[in-house]
Amino acid sequence: MPLPPPQARKHLHNRKVSYNGYLREDGLWDIEAQMTDTKAYAMLSPEKGDMPPGTPIHDMHIRATVDDTMTIREIFAVMDSRPFSECVQAQDPMQKMVGVTMGPGWRHAIEKALGGTRGCTHLRELLFNMATAAYQTIPVYQARREDRPRMPARADGQPPFHLGKCMAWDFNGPVVLRHYPTYAGWQPLVKAKSAGNE
């Protein structure tokens with residue numbers, strides 16, 4: 001179903017973002033991301049001079065190599081196009097993400113390591129959604145390879161991470177009832193307050 005027809009307008013900006021997931025021969029996984037920004041008109045950059053339409057302003061790539069637990073073992077970032085020559089200084093700080101797991105607390109970990117002037121806004125944006133791409137790549141393929149119809153419960157007994165994260169996967173909805181009946185109506189355990197805190 002397409003969007004409703006737009007009003008008369010002029011195309012000005014294009015951002016392309018892509019994510020790809022790969023299984024490596026050594027058993028690790030590569031998650032790659034790319035962001036490209038272009039203008040539909042010619043512009044004059046104080047740093048680069050004349051930029052014809054379609055010239056990349058940003059063209060940035062990240063490859064994160066992760067293990068089965070989605071923990072980053074290796075990471076690379078490159079900036080084929082960037083607005084300022086100094087932008088490349090944000091590539092090396094990406095190494096702070098080695099050892100971080102793409103899971104709960106992922107965005108907080110990115111902000112802690114690379115937030116503000118410690119990193120690049122666009123590399124952070126790419127990193128945010130790399131966790132989703134990793135989740136679509138790794139457990140989905142593992143389930144297929146092991147001939148499982150669905151994601152298993154986590155080792156801690158909690159439901160798979162995607163349950164309870166959107167309207168379709170509502171614990172009280174029909175999709176969870178059909179595909180994960182064990183978790184239909186699931187509620188997180190509430191830790192009892194100790195007598196001294198009451």
Side-chain angles (χ1 to χ4, degrees), residues 1-24 28-66 70-138 140-141 161-162 165-168:
M1 179 184 301
L3 292 169
Q7 297 294 319
R9 61 189 187 176
K10 181 179 181 180
H11 183 209
L12 300 176
H13 180 78
N14 187 46
R15 167 168 284 187
K16 291 184 179 178
V17 179
S18 66
Y19 292 90
N20 292 289
Y22 304 89
L23 173 59
R24 296 171 23 150
L28 296 175
W29 310 81
D30 282 341
I31 309 299
E32 294 188 351
Q34 179 179 3
M35 174 190 293
T36 307
D37 280 319
T38 59
K39 299 296 184 191
Y41 53 87
M43 58 182 286
L44 179 63
S45 163
E47 298 268 334
K48 296 183 174 184
D50 290 326
M51 297 179 67
T55 303
I57 300 163
H58 300 112
D59 188 10
M60 302 181 174
H61 309 252
I62 300 173
R63 176 188 298 142
T65 300
V66 302
M70 297 200 294
T71 299
I72 297 177
R73 304 274 294 275
E74 192 173 63
I75 192 165
F76 299 100
V78 295
M79 299 178 172
D80 290 337
S81 294
R82 66 264 177 201
F84 310 106
S85 59
E86 291 83 358
C87 291
V88 295
Q89 295 172 17
Q91 294 173 172
D92 288 344
M94 295 286 286
Q95 296 306 310
K96 295 176 184 173
M97 299 305 295
V98 173
V100 177
T101 300
M102 295 181 179
W106 172 242
R107 287 182 176 237
H108 176 74
I110 294 168
E111 286 299 326
K112 183 177 178 183
L114 304 170
T117 58
R118 293 184 302 277
C120 166
T121 299
H122 306 294
L123 292 179
R124 284 195 303 270
E125 290 176 22
L126 280 176
L127 277 174
F128 287 152
N129 290 317
M130 286 186 88
T132 303
Y135 191 77
Q136 290 290 329
T137 300
I138 299 168
V140 171
Y141 188 75
F161 286 116
H162 64 285
K165 298 295 191 294
C166 73
M167 293 177 74

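Nothing fancy with the numbering, it's 1 onward along the sequence.
- The two residues Met102 and Ala134 have their closest heavy-atom pair at SD-CB, 3.6 Å.
- Lys39 has its side chain out of reach of Asp37: every pair of non-hydrogen atoms, C-beta onward, lies at least 4.5 Å apart.
- You'll find the side chain of Glu125 reaches within 4.5 Å of the side chain of Met35, heavy atoms only.
- For the pair Cys87/His122, no side-chain contact is recorded, criterion being any heavy-atom separation below 4.5 Å from C-beta on.
- Here the NE2-CG distance, from His58 to Leu126, works out to 10.5 Å after rounding to the nearest 0.5 Å.
- When side chains are defined from C-beta on, Trp106 counts as touching Met97, because their heavy atoms get closer than 4.5 Å.
- Proximity of a side-chain donor or acceptor of Gln91 to a complementary backbone N or O of Phe76 within less than 3.5 Å is not detected.
- Here the closest non-hydrogen pair linking Ala90 and Gly119 is CB-C, 4.1 Å.
- The distance from atom CD1 of Ile72 to atom CG of Leu28, rounded to the nearest 0.5 Å, is 12.5 Å.
- Taking every heavy atom of both residues into account, Arg124 and Gly116 meet most closely at NH1-O, 3.2 Å.
- The backbone N or O of Ile110 lies less than 3.5 Å from no partner atom in the side chain of His108, so there is not a single donor-acceptor pair.
- Ring geometry for Tyr135 versus His162: interplanar angle of 30 to 60°, hence tilted.
- Residues Pro93 and Leu114 share a closest heavy-atom pair of O-CD2, 3.3 Å.
- Heavy atoms from other residues, nucleotides or ligands lying under 6.0 Å from CZ of Arg73 number 12 at most.
- Checking side-chain atoms of Lys48 against main-chain N and O of Arg82 turns up a donor-acceptor pair under 3.5 Å.
- Side-chain contact between Met60 and Ile62: absent, with no pair of heavy atoms (C-beta onward) separated by less than 4.5 Å.
- The shortest distance between side-chain heavy atoms of Ile75 and Leu127 falls below 4.5 Å.
- At least one side-chain heavy atom of Tyr22 sits less than 4.5 Å from a side-chain heavy atom of Asn20.
- Shown here for Tyr19 and Asn129, the closest heavy-atom pair between the two residues is OH-CB, 3.3 Å.
- In this structure, Ala133 and Ile31 approach most closely via the heavy-atom pair CB-CG2, 4.0 Å.
- Phe128 CZ: more than 12 foreign heavy atoms inside a 6.0 Å radius.
- Contact annotation: the side chain of Met43 never approaches that of Thr55 to less than 4.5 Å [non-hydrogen atoms, C-beta and beyond].
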